Asks: 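Provided herewith is a single structure, encoded as structure tokens, for subsequent inquiry.
Note that the structure is a prediction, hence the values are computed from the model and not measured. Letters go in sequence order (proteins before strands), and every chain restarts at 1.
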Amino acid sequence: VSDPILLFLILDMAALLVLGACAALMPPAAGLFLTAGLAGLGAFLCLPPLFFSWPAAALNLPTGPPGLHLHLALDPLPAFFLLLAFLSGTAIAAFQGTTAAHSGSVRVAALCLAGTAMSLLAADGVTLTMGSALVCGTIVRDWRSRRTPAALLIPLLLLAAVCLLTPTGFTPRFDAIRAAPIGMGSAAAAAMMTIAAITGMICLRAPANDWTGQALIAGVVFPSGVYILIRLIADLSSQSMQPWWGAVLLTVGGWFAVVQAWRAAADADIDGAVAAMMRRQAGLMVMGVGLALIGRAADLPQAQSLALDATVLLAIGSSLAGTVATLAAEALGSSAATVRLSRLGGLVHTMPWASAALAAGLLALAALPPGIGFASVWLLFQSLLSAPRTGPLIDQLPLALAAAAIALSAAAAASASVRIIGVAMLGRPRTPRGAGAQDISPAGRVILSTLAGLSLIAGIIPGSALWALADSAVSGVTGSSPGIRGELTMLSVSAAFPGYAALPVIALLALATGCVILVLRWLRREGKVAGLWFGGMKPPVGLPFGEPMAQSAGAGFLPELPVIPLPPVPRFPSLPRIAAVSPTVSLWIVLIAFGLLLLILAVAGGSE
Amino acid sequence: MSILVSLLLQVLHIGLMIVAAPLVAGVLDWLEARFAGRSGPPLLLPWRLLVRLSRKKPVELDSGSVVLRFAPAIELGATVSAAALVPSFATSMALSPLADILVVVSLLIIARVAGVLAALDAGAALPGLAAQQSSALAVPAEAALIMAIFALALMGGSFNLGLIILAQDDGGLVPATAAFVALASLLALAAADEAASGSALDQVLTGTGLAVSRMAGWLRRLVWIDLIGALAFPFGLATFPAGPLDWAIGFTCWALKLAIFVLCLSGLQTLLGRMPARRRQGLTAVALLLALVAVVLVLTSTRLA
């Protein structure tokens, strides 16, 4: 039944590719709105397979490398992540369309979305590699950056991982991998390569001031990276899975969750702090997959389901709240003409909508109820509670350290959110430009409010959100019934135990706060308005804003992380520098890359 | 009928907490003075302070936004919500199914966050500095608190406070060593929290706002006492079905636990004196380590899934 949907999604992806290639030929705003329309159409197309749990559909495209076809497939798992990517992409493209856009934004948004769609719909290694290469190449456009070679390694690592998983004599198709599992050694090597690739994906950085790229990383790239992790490790390698893979993922994810939350609470720039919050979210997602693997290895389907539920909830948070926070931070930084926290401040007075959106996004990412971040962390702890408790100390230590990492990350993320909100938005303006900042346009307000509202709804009724969007996807991976016994408002693990009910908790909080406000109004007396810094006197002539630089600049919330001394990198002889990549050189680069691809495929297996 | 009874219990509990919070603060101050050889202030002084502050003409900051206006209410509202979920003399209250211990901790974090945001909203140097220090101390403390309650949840099988208390009441949390270490961690955190000189918000408030902020601080202290009392010594708590006699016994036991805790706390404060920020950091680090040890002990002591 879902064949037409898959066909339409492929056409949508092709249209995005064409749009990205022809971005320079049309006005930027029109290009961005067209991108938003195509992404919105893609999101709409993903809904029927999710709501009605349609069976998987596959399609072979007679294109691609010689002797190989491109294989694309759609089942609930990619449909869920595709929905998130398209939803976030729609918001990003539409928001950029309402601001002063340029053709670079159109190219980045359209090509990144097309590449993500290709990666998510891929049913073979080549398509997956092409999609991820498109995503990485689009995001990291600064070819002189030292990070570029590492970013371009990501698709190669993924291709190598799929080739390692493929049995001898087969093409690197996912159905062939499922049909004939391979040995433990190859599976372990493939798993480590996948983990290395996803680690690289989490470390991806957009060029400076490229807010479109940064928002796409938060809302599109991280969730799709987690999908690849689930697909390659938890699904395709499930028959050769080894328990220590989960420990590796917990270590990698825990490192990102703690270090990035800490960086978010210490970074001097608003863009760096928000990006660190998003990488922390990605680290938690990786931890969720690690916990699912541990549950799977111990044959505890409920622990596995709970961990995957937490992962998909974190992905929803990254796509919705992360996109809101990044776009709102862009609006604040652009309007105040600085990203330094020590130069921002008081923007809640001049930019109330953007400030409210930033606060909503950040508080949803921090583990505070009723945000979606709290529901995700609650589920992560539930999966830790259901994790296996047998085995020696060495088996249990990763779980204890994972709990410590989640706790520390949650505390640091709350502190980081408070710091960003308090220093950038509250207080008094520190610069004249900040005092005269303009709020976002009405269309931008609608976009950010919608995303923030969706994130809030998902946080208030996480059980229902999971049931509607992710149940079939999670069940498809675990092969068992869902771990959550969700009612409309309650998120519980078992019918016997009460769980987390966001709506009654909000009602209690609202009731208690409302009562206090009523008492305060009843006792209210007419107050004397005064400036705090002069005891009611007028500010001096030379400082029309009082002493704005005396306010907290956000430097003492957490100390800077110590820099780990790395061994010196050996110096390689410098390559001849190419001033500009000409069409001829580009053609040679493409041909050489293609030849390498074919060589790897020839070594890995036969042809179709 | 049972719904009405549980509602009545809930209302009684909240009322009791609100009344007792300033009283406990007064008793603590009085005991501290008595231990130091002074006559001590009146026991009802905190209540008088609240009344006096509410009659004062407030000074409102012209740079403050809506955050500063509503922060005291949110701070007290979140603390009252947390207090409503932690049982004092009975467990079968109307809100008991909501009493997830992670939610309780998060509500306390919301109260702190509201105070910090309001202090930053004042736009002055000193409240900003206080907000920074408060946040820097809160990160390890909140992490340690979450770890300690995770250890207790591992032993109780759930994050629901009622179920953990039930497991403790039934025969103690297993293993006992881990339960002891987790409770020691909670005690260290409570001591570190108690040593805090006050909310960052207190520096920017006057009048009723300041009264509300003070009340939130006293109530927070009572939540700590109740939480540790219910988890460590759950005896006497009236469970469902219970009559007025059980409630009276529960109330007596709660008052007894409160008195012992307050006596120990004031004795400790007299012995150790005011704790500087550096020692608070050290205490919090010890609490974090203890909580981690408790989790490891629980995980390694279980031999069956």
Asks: To the nearest 0.5 Å, what is the distance between CG on Leu503(A) and CG on Leu98(B)?
Replies: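 So the gap between those two atoms works out to 10.5 Å.
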Asks: Are Ile146(B) and Val377(A) close enough, and set up right, to give a side chain to side chain contact (heavy atoms under 4.5 Å, CB included), and what steps lead you there?
Replies: CA-CA 11 Å; Ile146(B) 295 172; Val377(A) 167; over 6 Å; no
Asks: So what's closer than 4.5 Å to chain A heavy atoms on Leu145(B): side chain, backbone, both or neither?
Replies: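 It is neither, since no heavy atom gets under 4.5 Å.
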Asks: Which residue out of Asp395(A), Val516(A), Leu523(A), Leu397(A) racks up the most heavy-atom pairs below 4.5 Å with chain B?
Replies: Val516(A)
Asks: Go through the atoms of Val103(B) and report whether side chain, backbone, both or neither lie under 4.5 Å from a heavy atom of chain A.
Replies: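 Both parts, backbone and side chain.
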Asks: Walk me through whether Leu558(A) and Val139(B) qualify under side chain to side chain contact (heavy atoms under 4.5 Å, CB included).
Replies: CA-CA 8 Å; Leu558(A) 277 182; Val139(B) 171; 4.0 Å; yes
Asks: Under 4.5 Å heavy-atom distance to chain B, tell me which part of Val418(A) shows up: side chain, backbone, both or neither.
Replies: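 Contact with chain B: backbone and side chain both.
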Asks: Below 4.5 Å from any heavy atom of chain B, which atoms of Ala366(A) appear? Answer side chain, backbone, both or neither.
Replies: neither
Asks: At a 4.5 Å cut-off on heavy atoms, which part of Arg55(B) comes close to chain A: side chain, backbone, both, or neither?
Replies: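 Answer is both: backbone and side chain atoms of Arg55(B) are under 4.5 Å from chain A.
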Asks: If every non-hydrogen atom of Ala73(B) is compared with every non-hydrogen atom of Ile517(A), which pair is closest and at what distance?
Replies: CB-CG1, 3.5 Å
Asks: What's the shortest heavy-atom distance between Leu120(B) and Gly422(A), and which atoms?
Replies: CD1-CA, 3.5 Å
Asks: Do you know which two heavy atoms are closest between Ser65(B) and His349(A), and how far apart they sit?
Replies: CB-CE1, 3.7 Å
Asks: Kindly compute the distance separating CZ (Phe381(A)) from CG (Leu102(B)), expressed to the nearest 0.5 Å.
Replies: 6.0 Å
Asks: Which atom names give the shortest non-hydrogen contact between Ser106(B) and Leu368(A), and what distance separates them?
Replies: O-CD2, 4.3 Å
Asks: What's the shortest heavy-atom distance between Ala403(A) and Phe150(B), and which atoms?
Replies: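 In this case the closest contact between Ala403(A) and Phe150(B) is CB-CE2, 3.5 Å.
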Asks: Ile74(B) versus chain A, heavy atoms under 4.5 Å apart: side chain, backbone, both or neither?
Replies: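 Contact with chain A: backbone and side chain both.
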Asks: Taking Ala512(A), Ser415(A), Ala411(A) one by one, which has the highest count of heavy-atom pairs under 4.5 Å against chain B?
Replies: Ala411(A)
Asks: So what's closer than 4.5 Å to chain B heavy atoms on Ala265(A): side chain, backbone, both or neither?
Replies: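 Neither part, no heavy atoms under 4.5 Å.
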Asks: Side chain, backbone, both or neither: which part of Leu85(B) has a heavy atom under 4.5 Å from chain A?
Replies: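 Side chain of Leu85(B) only, per the 4.5 Å heavy-atom cut-off to chain A.
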Asks: Minimum heavy-atom separation for Gly123(B) and Gln551(A), please, with both atom names.
Replies: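 In terms of heavy atoms, the two residues are closest at CA-OE1, 3.1 Å.
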Asks: Against chain B, label Ala367(A) side chain, backbone, both or neither, depending on which of its atoms sit under 4.5 Å from a heavy atom there.
Replies: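 The backbone, not the side chain.
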